[in-house]
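Scroll down for the structure; my scribbles are underneath it.
Only a predicted model underlies this, so the values are computations on that prediction, with no experimental measurement involved. A note on names: the letters A, B, ... follow the listed sequences, proteins ahead of strands, and every chain is numbered from 1. Just so it is clear, the values below take in all heavy atoms, side chains as well, and ignore hydrogens, waters and symmetry mates.
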Amino acid sequence: MLLDDVNSLFGVERKTADRDQTLPLARDVEVLFAEWRAPLLGYVETLGLPIEEGEEVVQEVFLSLFQHLRQGKSRANLRGWIFRVGHNLALKRRYDLGRQVLQQPVPGDIEDVRDMAPNPENAFQIKQRQARLLVVVAALSEQDRCCLHLRAEGLRYREIAEILGISLGGVALSIGRSLERLRNADGR
Amino acid sequence: MQGENPHPSDHDLLLVLDGELPIHEAEKVRAHLARCWTCRARITEFDNTIVDFIRVREQLIPPLPAVEGPQALLRLRLAKLATSSKPTLYERVGTFLQLRAVRLAWGAGFALLLSLIVWRFVQPVPDTTSRVAGFEIRSVPDPRLTPGATLPLTRDDVCAAEMVDAARIVPVDVAKKVFAAYGVDTPEPRAYEVDYLITPALGGSDSIRNFWPQPYRNTVWNAHIKDALEDHLRQLVCAGQIDLARAQHEIAIDWISAYKKYFRTQNPLPEHATFLKDRPWE
């Protein structure tokens, strides 16, 4: 009632989808879930959330997406919307859990590095190299890590900038800086 | 390659790789890459580094659980939301807060409230009025009653020696009309100066629109202080440092601000507290 009164006061029409519209919307959300659940969950895990918490965050994202669509809001760049909301919810969940340190495998803990080398010597070299690269990734700032992971998920620089709340130029500099550090870690 | 077009920076090479460079600039870089093996080798290094990162990333993200379980859970939750006939309180509050108009209104209201608080409690309340015996004593006249009035005089006229020493006597009938206009029925003797807003020493006229009962007491911005300002302004006008019209205007609009400006002080100077140029009402 209060909302209706306020809406009438401000001349805003609240769009309420009836039953016939919400069911197709739910199906749309399920389709998007099937497509984006894995990339989003993978990204959320890089922020340090364990898998169970990550799954719950992903659920919240798509439930929010349903509300977003039911309110008749923009469908432009839903991929960017999903990752932006997921990023924010994951950070909030991480804060609520009191996790301040990114949960990453540390060098020396890699037991199941997949190697494609046919001989043990090459396999050892690959494992060592991956350990060096992991150290470099762990040493990056969180913003640099987020830029890399989001780029790896296929988001464009502009989308990354919106998700992280930084400038477009900042995204380019971050990714360039991170790749240079990875390249230098290998002595190349 | 020496002496020809410069090599693109690592930054530009990365932007070309990621498709983030504007089209015309990307074409220039690609044209350069077509003839520069060195830069193509740099591109290959970038690609190799990206491949390395992707492989490292696979170590950071463990294999994900199957999608069927989470998908079924989402379907159940969506069905519950979809079948609800009206939005939940959470949704309504969220919608309410998301309304752009509401946000703007809240923001504007908050800004206004903050401004009022700052204005009321931070800025000093100017000591321009006080109440004595039910009458609001004014350090500045009511502009509706006393807008000010001048004679068509020049600087030379007002600076004539005989005007400096002239002691002005306000006619009784004029004074009574002024008191009546300001609601003062029985004016206390020697408590007021029926003052010219624009002093005759600066070309002010005897029009009733140029008078008001200015107190000597109960406010720091009293007739003594204004007398000091009038005297000072006349000296400035006659010395050619300010023109007559400006002096008249500044006194008429806000004599207190004019005092602060020309004496460079926020408060009346002690030596002006007993300054007496005009006669008090008796």
Side-chain angles (χ1 to χ4, degrees), chain A residues 2-3 6-7 10-12 14 16 19 22-23 25-27 29-30 33-34 37-38 41-43 45-46 51 55 58-59 62-63 66-67 70-71 73 104-105 110 112-114 129-130 133-134 136-137 148-149 151-152 156-158 168 171-173 175-176 178-180 182-183 185-186 188, chain B residues 9-15 17-21 42 45-65 67-75 77-96 98-102 104-105:
Chain A
L2 174 61
L3 184 61
V6 171
N7 285 338
F10 287 94
V12 175
R14 182 168 63 89
T16 305
R19 187 187 178 87
T22 55
L23 288 179
L25 280 178
R27 284 197 289 271
V29 171
E30 288 184 37
F33 181 83
R37 175 243 179 192
L41 182 56
Y43 173 68
E45 288 184 354
T46 67
I51 189 70
E55 289 275 21
V58 171
Q59 291 275 321
F62 285 91
L63 290 172
F66 175 75
Q67 308 287 31
R70 189 162 78 161
Q71 291 164 11
K73 295 186 178 177
Q104 289 196 95
I110 303 173
D112 57 348
V113 171
R114 292 176 293 167
R129 187 154 160 268
Q130 295 247 331
L133 293 173
L134 274 172
V136 172
V137 172
L148 278 184
H149 286 302
R151 184 67 192 92
R156 303 300 300 271
Y157 284 17
R158 187 167 300 278
L168 196 59
V171 173
L173 286 173
I175 292 176
S178 301
L179 288 179
E180 184 179 355
L182 284 168
R183 189 171 57 194
D186 217 21
R188 287 183 290 182
Chain B
S9 65
D10 281 353
H11 181 78
D12 284 346
L13 286 180
L14 178 61
L15 293 181
L17 270 180
D18 278 348
E20 297 285 349
L21 208 62
R42 292 165 64 202
E45 284 187 3
F46 264 117
D47 276 339
N48 291 340
T49 306
I50 290 172
V51 168
D52 288 339
F53 173 71
I54 293 299
R55 288 181 177 160
V56 164
R57 190 165 182 269
E58 291 171 355
Q59 310 304 319
L60 296 172
I61 302 174
L64 301 179
V67 68
E68 287 77 17
Q71 193 161 34
L73 176 59
L74 180 69
R75 186 175 297 127
R77 288 171 162 174
L78 287 172
K80 189 177 178 183
L81 278 178
T83 54
S84 62
S85 58
K86 61 179 181 179
T88 64
L89 178 60
Y90 173 79
E91 290 175 68
R92 292 178 63 187
V93 170
T95 303
F96 177 83
Q98 286 173 19
L99 289 174
R100 182 171 296 181
V102 175
L104 286 175

Whatever's closer than 4.5 Å to a heavy atom in chain A on B:Ile54 counts as side chain
With chain B, the option among A:Ala172, A:Ala34, A:Ser178 that has the most non-hydrogen atom pairs under 4.5 Å is A:Ala172
Under 4.5 Å to a heavy atom of chain B? For A:Arg27 that would be neither
| request: Kindly determine whether A:Leu134 and B:Leu60 satisfy side chain to side chain contact (heavy atoms under 4.5 Å, CB included), including the steps that lead there. | output: CA-CA 9 Å; A:Leu134 274 172; B:Leu60 296 172; 3.6 Å; yes
Ignoring hydrogens and angles, tell me if any N or O in the side chain of A:Arg156 forms a donor-acceptor pair with the backbone of B:Gly19 under 3.5 Å.
yes
Closest non-hydrogen atoms of A:Arg37 and B:Pro65, given as atom of the first, atom of the second and distance, are NH1-O, 3.0 Å
Closest non-hydrogen atoms of B:Leu64 and A:Glu45, given as atom of the first, atom of the second and distance, are CD2-OE2, 3.8 Å
The interface call for A:Leu148 against chain B, heavy-atom contacts under 4.5 Å, is both
| field | Verdict with reasoning, B:Phe53 to A:Arg183, per side chain to side chain contact (heavy atoms under 4.5 Å, CB included) | value | CA-CA 10 Å; B:Phe53 173 71; A:Arg183 189 171 57 194; over 6 Å; no
Rounding to 0.5 Å, atoms CG (B:Asp10) and CD (A:Glu180) come to a distance of 6.5 Å
Of B:Leu14, B:Asp18, B:Leu13, B:Ile50, the largest count of non-hydrogen pairs under 4.5 angstrom with chain A goes to B:Asp18
Smallest heavy-atom separation, A:Gly42 atom then B:Ile61 atom, equals O-CD1, 3.6 Å
Here the pair of heavy atoms bringing A:Phe62 nearest to B:Leu78 is O-CD2, 4.5 Å
Looking only at heavy atoms, the pair that brings A:Glu30 and B:Gln71 closest together is O-NE2, 3.7 Å
**Trace of the side chain to side chain contact (heavy atoms under 4.5 Å, CB included) decision for A:Val137 with B:Arg57** = CA-CA 9 Å; A:Val137 172; B:Arg57 190 165 182 269; over 6 Å; no
Note: A:Leu179 and B:Thr49 closest approach over all heavy atoms is O-CG2, 3.4 Å
Okay, A:Glu55 and chain B: the region with an atom under 4.5 Å from a heavy atom over there is side chain
Bottom line for A:Ile51: the part with an atom under 4.5 Å from chain B's heavy atoms is side chain
*Under the side chain to side chain contact (heavy atoms under 4.5 Å, CB included) rule, what do B:Arg55 and A:Leu133 come out as? Steps first, then yes or no, please.*
CA-CA 10 Å; B:Arg55 288 181 177 160; A:Leu133 293 173; over 6 Å; no
Taking side chain as C-beta onward, heavy atoms only, is B:Asp52 less than 4.5 Å from A:Arg129?
yes
